[in-house]
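Notes follow once the structure below has been shown.
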Amino acid sequence: MSDRPLRLGFPVKVMGRPGLKSNDTRRWRQNPHLRTSLEYLDAIFDYIVQMGIDMYRMSSDLAPYATHPDMPQFHDMVAESDAELAALGRRARELDIRLSFHPSQFVLLNSPDPSLTAKSIWDLASQAEMLDRMGMGPEGVLVTHVGGVYGDREESRARWIKGYEQCPDHVRRRLVLENDDIRFSAADVLWIHERCGVPLIFDYQHHWCLNPEGLALRPTLERVLRSWPEGVRPKIHFSSPRTEMREIKRKVTDKEREAAKSASPRKGALTRGVVKPTSRIKTVLLPPVWTGHADFTNPFEFATFMREAEGLEFDVMLEAKTKDLSLLRLRSDLSRYAPDVAARFGAGPAGAAVLAEEMLDQGMEAETVGDEDG
């Protein structure tokens, strides 16, 4: 076991300090560049160091258009940014910040379309190259999913292995595979690992949402952690499910408009607002979908999980909608409700906890993001 405390990390978007951008979002006509994204990333480092955070997932759009097949003018930007990548990577190593990428849902190594698989490998190669030029160690990984089922689960799993074997060495050194919540379970990714050796990511919420094999949590977590190379600390993903009602916009039917002329709304109807004879759209309230990520991490759920994982070593990427704010709140909550768990993650710099509480108490606005980055 390492003496280093376990890390808590968050993905991409900074919510706790307005104005911090995660990547250059300018459109192609304005000539966006990786160098600009790296300046933004350097500012994010300033913030997370102040807040005592030492694990961060970078945007998969860090190098804009770098692999766009119709825009060759952007294809050399990673090589052009070698000095800047090296400098920022050196800073990350000095600060002991663990960095990673989570390529988008469009990166599919098991696609039946060979051209899509080739484009996916290009995307992975570009992001692996950035980590290499930054000088990041083997903890700097690329997280991906198996992909689509395409009507044949077994064939799709086997095709992922073929896609993995087509990846260049610098990609295979960094690629890790995660269980998902609707297609490929922990048992599926373990099956793939046993045949090609790819390290695995255990996603806690996904395991609850998709576990048809009925695998027990602790033994499954142990098997996933053992998939990592010796001497490289694994990481996992943790999130809590959304529990609030979902607001869905739907068209009002002619039948509903006609009924509104002669009847008052039903008491207790799960519709926000009254449907009038002139209404075109209504807001319907629906129960939660358990695959959705909550805004914040439930501290009691997290503490229960960490106690079940006692004695195991791994870093934790928190995938809550409020990003860094959720991390700061969880850290504060653990200190109050589960100090034994808080101790495993060490203590932040002086003043960080107080500043975090002040930020959270101000009720900062949180913009939700729902892509593979976050």
Exercise. So, Lys119 and Thr67: side-chain donor and acceptor under 3.5 Å apart, yes or no?
Worked result: yes

Exercise. Would you call Ile53 and Leu328 a side-chain contact if the rule is heavy atoms closer than 4.5 Å?
Worked result: yes

For this session: Could you tell me whether the side chain of Arg91 and the main chain of Asp42 form a donor-acceptor pair under 3.5 Å?
Result: yes

Exercise. Under 3.5 Å, side chain of Ser126 to main-chain N/O of Trp122, donor-acceptor pair present?
Worked result: no

For this session: Indicate yes or no: at least one non-hydrogen side-chain atom of Thr117 is less than 4.5 angstrom from one of Lys162.
Result: no

Exercise. How long is the span from the CG atom in Leu8 to the CG atom in Leu327, to the nearest 0.5 Å?
Worked result: 5.0 Å

Exercise. What do you reckon, is CH2 of Trp290 surrounded by more than 12 foreign heavy atoms closer than 6.0 Å?
Worked result: yes

For this session: Answer yes when Arg223 and Glu194 have at least one side-chain N-carboxylate O distance shorter than 4.0 Å, and no when they do not.
Result: yes

Seminar exercise, completed: Minimal heavy-atom distance between Leu34 and Val78, with the atoms involved, is CD2-CA, 3.9 Å

Problem set entry | Heavy atoms of other groups near Arg26 CZ, more than 12 under 6.0 Å | yes

For this session: Give the minimum heavy-atom separation between Pro234 and Arg98, together with the two atoms involved.
Result: O-NH1, 3.5 Å

Exercise. Once you round to the nearest 0.5 Å, how far does OH of Tyr47 lie from OH of Tyr56?
Worked result: 11.0 Å

Problem set entry | Pro199 versus Leu175, closest heavy-atom pair with distance | CD-O, 3.6 Å

Exercise. Residues two or more places apart in sequence or in another chain: which of them pass side-chain hydrogen bond (donor to acceptor under 3.5 Å, both in side chains) with Asp152?
Worked result: none

Problem set entry | Any side-chain heavy-atom pair of Asp188 and Arg157 under 4.5 Å | yes

For this session: Considering only NZ, NE, NH1 and NH2 on the basic side and carboxylate oxygens on the acidic side, decide whether Arg307 and Asp340 come within less than 4.0 Å.
Result: yes

Problem set entry | Point-to-point distance, once rounded to the nearest 0.5 Å, from CG of Leu225 to OG of Ser227 | 7.5 Å

For this session: Considering non-hydrogen atoms only, spot the tightest contact between Ser60 and Pro103 and give its length.
Result: CB-CA, 4.0 Å

For this session: Assess whether side-chain contact (heavy atoms from CB on, under 4.5 Å) is satisfied between Met58 and Ile44, documenting all intermediate values.
Result: CA-CA 10 Å; Met58 298 180 289; Ile44 289 175; over 6 Å; no

Exercise. Any side-chain heavy-atom pair from Val289 and Arg246 closer than 4.5 angstrom?
Worked result: yes

For this session: Determine, step by step, whether His102 and Val12 satisfy the side-chain contact (heavy atoms from CB on, under 4.5 Å) criterion, reporting the C-alpha distance in whole Å, the side-chain angles of both residues, the deciding distance to 0.1 Å, and the verdict.
Result: CA-CA 10 Å; His102 195 326; Val12 185; over 6 Å; no

Seminar exercise, completed: Correct closest heavy-atom pair for Val284 and Lys282 would be CG2-CE, 3.7 Å

Problem set entry | Approximate separation, where rounding is to 0.5 Å, of Ile192 CD1 and Asn110 CG | 8.0 Å

Problem set entry | hydrophobic_cluster_shared for Val141 and Leu62, side chain cutoff 4.5 Å | no

Exercise. Do the side-chain N and O atoms of Thr297 and Ser326 include a donor-acceptor pair separated by under 3.5 angstrom?
Worked result: yes

For this session: Please report the closest heavy-atom contact between His170 and Glu129, naming both atoms and the distance.
Result: CD2-N, 3.8 Å

Problem set entry | Ser37 side chain vs Asn23 backbone, donor-acceptor pair below 3.5 Å | no

Exercise. At what distance, to the nearest 0.5 angstrom, does CG of Leu177 lie from OG1 of Thr144?
Worked result: 7.0 Å

For this session: Indicate yes or no: does Lys13 engage Asp324 in a salt bridge with an N to O separation below 4.0 Å.
Result: no

For this session: Begin with the C-alpha distance, continue with both residues' side-chain angles, and end with the deciding distance and a verdict on side-chain contact (heavy atoms from CB on, under 4.5 Å) for Phe10 and Leu330.
Result: CA-CA 12 Å; Phe10 73 97; Leu330 177 64; over 6 Å; no

Exercise. Side chain of Gln205, backbone of Gly292: donor and acceptor closer than 3.5 Å?
Worked result: yes

For this session: Decide yes or no on ring pair (Phe, Tyr, Trp, His ring centres under 6.0 Å) for His207 and His237, but give the supporting numbers first.
Result: CA-CA 10 Å; His207 185 63; His237 293 173; over 10 Å; no

For this session: Classify the angle between the aromatic ring planes of Phe302 and Phe305 as parallel (below 30°), tilted (30 to 60°) or perpendicular (above 60°).
Result: tilted

Problem set entry | Contact check, side chains of Asp181 and Asp203, non-hydrogen atoms, under 4.5 Å | no

For this session: Indicate, with yes or no, if Met317 and Leu131 share a hydrophobic cluster defined by side-chain heavy-atom contacts under 4.5 Å among Ile, Leu, Val, Met, Phe, Trp and Tyr.
Result: no

Problem set entry | Sequence-distant partners of Phe45, ring pair (Phe, Tyr, Trp, His ring centres under 6.0 Å), two or more places apart | none

Problem set entry | Side chains of Tyr150 and Leu108 in contact at under 4.5 Å (non-hydrogen atoms) | yes

Problem set entry | salt bridge (charged side-chain N to carboxylate O under 4.0 Å, His left out), paired with Glu313, selected from Lys235, Arg226, Arg344, Arg233 | Arg233

Exercise. Looking at Glu308 and Arg218, does any basic side-chain N land under 4.0 Å from a carboxylate oxygen?
Worked result: no

Exercise. Judged by atom type as modelled, is there a donor-acceptor pair below 3.5 Å linking the side chain of Ser156 to the main-chain atoms of Val149?
Worked result: yes

Problem set entry | Trace of the side-chain contact (heavy atoms from CB on, under 4.5 Å) decision for Asp54 with Arg4 | CA-CA 12 Å; Asp54 48 16; Arg4 197 206 182 288; 2.7 Å; yes

Problem set entry | salt bridge (charged side-chain N to carboxylate O under 4.0 Å, His left out) between Arg57 and Glu319, worked out | CA-CA 10 Å; Arg57 178 190 298 166; Glu319 295 187 317; 2.8 Å; yes

Problem set entry | Student check: side-chain heavy atoms of Arg172 and Cys196 closer than 4.5 Å | no

Problem set entry | same_hphob_cluster(Ile48, Leu95) at 4.5 Å side-chain heavy-atom cutoff | yes

Exercise. Does a donor on one side chain and an acceptor on the other come within less than 3.5 Å for Trp208 and Tyr204?
Worked result: yes

Exercise. Looking at side-chain heavy atoms only, is the closest gap between Pro11 and Lys323 below 4.5 Å?
Worked result: yes

For this session: Check side-chain hydrogen bond (donor to acceptor under 3.5 Å, both in side chains) between Glu213 and all other residues, then give those that pass, not counting sequence neighbours.
Result: Ser185

Exercise. Would Met130 end up clustered with Val176 when hydrophobic side chains under 4.5 Å apart are linked, directly or stepwise?
Worked result: no

Exercise. Does a side-chain N-to-carboxylate-O contact under 4.0 Å join Asp333 and Arg336?
Worked result: no

Problem set entry | Cluster overlap Tyr164 with Leu116, hydrophobic side-chain contacts below 4.5 Å | no

Exercise. Between Thr283 and Glu247, does any side-chain donor sit less than 3.5 Å from a side-chain acceptor?
Worked result: no

Exercise. How far does CZ of Arg35 sit from CG of Leu85, to the nearest 0.5 angstrom?
Worked result: 9.5 Å

